[in-house]
Amino acid sequence: MNEASFNNSYLLMRHGESEANVSGVIVSDPAIGSERFGLTEHGLQQISAAVNGFTGKPITQIVCSDFLRTMQTAQLVAEILHLPQPQQEIGLRERFFGNWEGMSSDHLCISLSCSFVFCLNRSRFAVA
């Protein structure tokens, strides 16, 4: 097969600011993320600004996870660019953090070994 037969381009876009981002909580459970913690007003503005500033090749299809924040992002992009409804793909879901679900990043510490503890607190970490 020659190289000229591969003409697809793929763009990646992260969702706009979500309610979970503002609250500082982990939302990775599909049962929660698919129903709650959508975009904030600021998140909607971020997406609009990004899409309105886009000058690349025309986009023909949008694929997103089934989490509310990504569906809202994808739907707004589709609306602005006059594209068909986004296709949902569960394989694009957030990784699932299990017992850390709903925990605040201010209180979550990951113990990597007996000598290292990294505390996820936005901009700092501590080594114990």
Side-chain angles (χ1 to χ4, degrees):
M1 198 175 284
N2 72 38
E3 290 182 30
S5 65
F6 296 104
N7 294 318
N8 293 340
S9 295
Y10 300 91
L11 303 172
L12 300 177
M13 180 178 204
R14 187 176 191 273
H15 60 79
E17 178 186 76
S18 73
E19 295 165 350
N21 296 142
V22 172
S23 298
V25 295
I26 294 173
V27 177
S28 64
D29 183 344
I32 297 170
S34 296
E35 302 290 328
R36 298 177 44 212
F37 295 99
L39 296 179
T40 64
E41 185 61 36
H42 180 66
L44 294 169
Q45 292 170 0
Q46 289 174 318
I47 298 307
S48 293
V51 173
N52 288 320
F54 178 70
T55 59
K57 293 180 181 179
I59 296 170
T60 57
Q61 182 177 8
I62 299 174
V63 182
C64 65
S65 83
D66 61 342
F67 273 42
L68 182 58
R69 59 187 175 245
T70 62
M71 289 189 301
Q72 290 174 331
T73 297
Q75 288 170 347
L76 181 55
V77 172
E79 181 181 312
I80 292 170
L81 296 178
H82 307 288
L83 295 170
Q85 282 295 308
Q87 175 186 337
Q88 291 181 23
E89 172 55 57
I90 64 170
L92 296 175
R93 282 180 178 164
E94 176 78 45
R95 60 197 166 271
F96 182 58
F97 290 106
N99 291 337
W100 296 345
E101 182 70 23
M103 293 183 83
S104 166
S105 58
D106 291 336
H107 296 102
L108 177 64
C109 290
I110 304 169
S111 179
L112 298 176
S113 72
C114 293
S115 58
F116 293 100
V117 176
F118 292 88
C119 294
L120 301 178
N121 195 355
R122 295 208 168 85
S123 63
R124 67 179 187 264
F125 67 90
V127 179

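- Judged as a side chain to side chain contact (heavy atoms under 4.5 Å, CB included), and not counting sequence neighbours, the contacts of Q46 are E17, H42.
- The hydrophobic cluster analysis finds L12 isolated: no Ile, Leu, Val, Met, Phe, Trp or Tyr side chain comes under 4.5 Å of it, directly or through other members.
- Both I47 and L11 belong to a common hydrophobic cluster when Ile, Leu, Val, Met, Phe, Trp and Tyr are linked at side-chain heavy-atom distances under 4.5 angstrom.
- Residue pairs meeting the salt bridge (charged side-chain N to carboxylate O under 4.0 Å, His left out) criterion with at least one member in residues 58-67, sequence neighbours excluded: D66-R93.
- Annotation: Q45, atom CD; neighbour count of heavy atoms from other residues, nucleotides and ligands within 6.0 Å is above 12.
- Hydrophobic cluster membership for L92: V63 (Ile, Leu, Val, Met, Phe, Trp, Tyr linked by side-chain heavy atoms under 4.5 Å, directly or transitively).
- Side-chain contact between E19 and V27 is absent, with no heavy-atom pair separated by less than 4.5 Å.
- Each salt bridge (charged side-chain N to carboxylate O under 4.0 Å, His left out) pair with one or both residues in residues 37-49, not counting sequence neighbours, would appear here, but there are none.
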Under 3.5 Å donor-acceptor pairs involving side-chain atoms of residues 49-61, not counting sequence neighbours:
{"from": "N52", "atom 1": "ND2", "to": "S48", "atom 2": "O", "distance (Å)": "2.9"}
{"from": "Q61", "atom 1": "NE2", "to": "Q87", "atom 2": "OE1", "distance (Å)": "2.7"}

Which pairs of donor and acceptor atoms, one on a side chain in residues 70-81, lie under 3.5 Å apart (sequence neighbours left out)?
{"from": "T70", "atom 1": "OG1", "to": "S65", "atom 2": "O", "distance (Å)": "3.1"}
{"from": "T70", "atom 1": "OG1", "to": "S65", "atom 2": "OG", "distance (Å)": "2.7"}
{"from": "T70", "atom 1": "OG1", "to": "F67", "atom 2": "O", "distance (Å)": "2.9"}
{"from": "Q72", "atom 1": "OE1", "to": "L39", "atom 2": "N", "distance (Å)": "2.5"}
{"from": "T73", "atom 1": "OG1", "to": "G16", "atom 2": "N", "distance (Å)": "3.4"}
{"from": "T73", "atom 1": "OG1", "to": "R69", "atom 2": "O", "distance (Å)": "2.8"}

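- With values rounded to the nearest 0.5 angstrom, I62 atom CD1 is found 9.0 Å from Q85 atom CD.
- When all heavy atoms are compared, the tightest approach of A20 to F37 is N-CD2, 3.6 Å.
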